[in-house]
Amino acid sequence: MLNTEEQVNMQMTINNLRSALDQGVVRVTFNKRDGSRREMRATTKQGLFNYTPSGEAHVANPDVTVMWDMDKGAFRSMRNDSLISFAAE
């Protein structure tokens, strides 16, 4: 369990990640649920990917960041507490 300061720092880091994703392609590294490490090139910037919504929208979970995987061509999600690092390309 994170203490209050760690929670604030984590939220600031996630806010920075989301801002970077909104601006362009970001290399994101995180731990998957199975314990393996995953690295992906991702974005949320409109115009960098083509997506047509189908069905109903999902309710946003503040503990999860959803992004477009540039290599897989699909949305992927990451639990915020699993983030290892990120860097804009």
Side-chain angles (χ1 to χ4, degrees):
M1 189 72 156
L2 299 175
N3 66 36
T4 302
E5 183 177 347
E6 290 169 330
Q7 288 175 348
V8 169
N9 288 338
M10 174 60 75
Q11 189 57 52
M12 288 174 55
T13 299
I14 293 302
N15 289 344
N16 289 340
L17 168 61
R18 289 178 176 165
S19 178
L21 288 165
D22 286 343
Q23 294 175 25
V25 178
V26 179
R27 187 165 301 279
V28 182
T29 304
F30 62 97
N31 287 321
K32 293 172 52 173
R33 291 185 102 177
D34 67 6
S36 63
R37 184 171 286 198
R38 167 100 153 84
E39 185 175 299
M40 71 174 155
R41 296 175 55 247
T43 190
T44 56
K45 183 174 182 172
Q46 296 293 326
L48 292 183
F49 61 94
N50 293 321
Y51 173 72
T52 303
S54 61
E56 295 182 27
H58 296 279
V59 176
N61 179 342
D63 298 326
V64 173
T65 298
V66 177
M67 59 203 106
W68 183 262
D69 184 322
M70 299 296 289
D71 299 321
K72 300 270 186 193
F75 282 106
R76 297 292 187 254
S77 60
M78 170 199 76
R79 289 185 342 270
N80 294 339
D81 62 359
S82 70
L83 178 65
I84 296 170
S85 66
F86 68 93
E89 290 194 345

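In what follows, every heavy atom counts, from backbone to side chain, and hydrogens, waters and symmetry copies are set aside.
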From Asp63 CG over to Gln11 CD, what is the distance, rounded to the nearest 0.5 angstrom? 8.5 Å
Between Val64 and Met67, is there a shared hydrophobic cluster once you connect ILVMFWY residues whose side-chain heavy atoms come closer than 4.5 Å? no
The reported gap from CG in Asp22 to CD in Gln46 (rounded to nearest 0.5 angstrom) is 9.0 Å
Which donor-acceptor pairs under 3.5 Å do the side chains of residues 70-78 make with protein atoms, sequence neighbours left out?
| residue | atom | partner | partner atom | Å |
| --- | --- | --- | --- | --- |
| Asp71 | OD1 | Arg41 | NH1 | 3.0 |

Should Val25 and Tyr51 be regarded as members of a common hydrophobic cluster, given that ILVMFWY residues are connected when their side-chain heavy atoms come within less than 4.5 Å of each other, either directly or indirectly? yes
Specify the closest pair of heavy atoms between Val28 and Ala42, including all atoms of both residues, with the distance to one decimal. CG2-CB, 4.5 Å
Distance (rounded to the nearest 0.5 Å) between Asn16 CG and Phe86 CZ: 5.0 Å
Looking at OG1 of Thr44 and CZ of Arg18, how far apart are the two atoms once the value is rounded to the nearest 0.5 Å? 9.5 Å
Do any N or O atoms from the side chain of Ser19 and from the backbone of Asn15 form a donor-acceptor pair under 3.5 angstrom? no
Are Leu17 and Trp68 connected, step by step, through hydrophobic side chains (Ile, Leu, Val, Met, Phe, Trp, Tyr) whose heavy atoms are closer than 4.5 Å? no
Just how far is it from atom CZ of Phe30 to atom CE of Met40, taken to the nearest 0.5 Å? 4.0 Å
Over all heavy atoms of both residues, which pair between Leu21 and Val26 is shortest? Give the atoms and the distance, please. N-CG2, 3.7 Å
From the options Ile84, Asp81, Leu83, select the one residue that forms a side chain to side chain contact (heavy atoms under 4.5 Å, CB included) with Asn31. Ile84
All side-chain contact (heavy atoms from CB on, under 4.5 Å) counterparts of Glu39, not counting sequence neighbours: Arg27, Thr29
How about CG on Asn50, more than 12 heavy atoms from neighbouring residues, nucleotides or ligands closer than 6.0 Å, or not? no
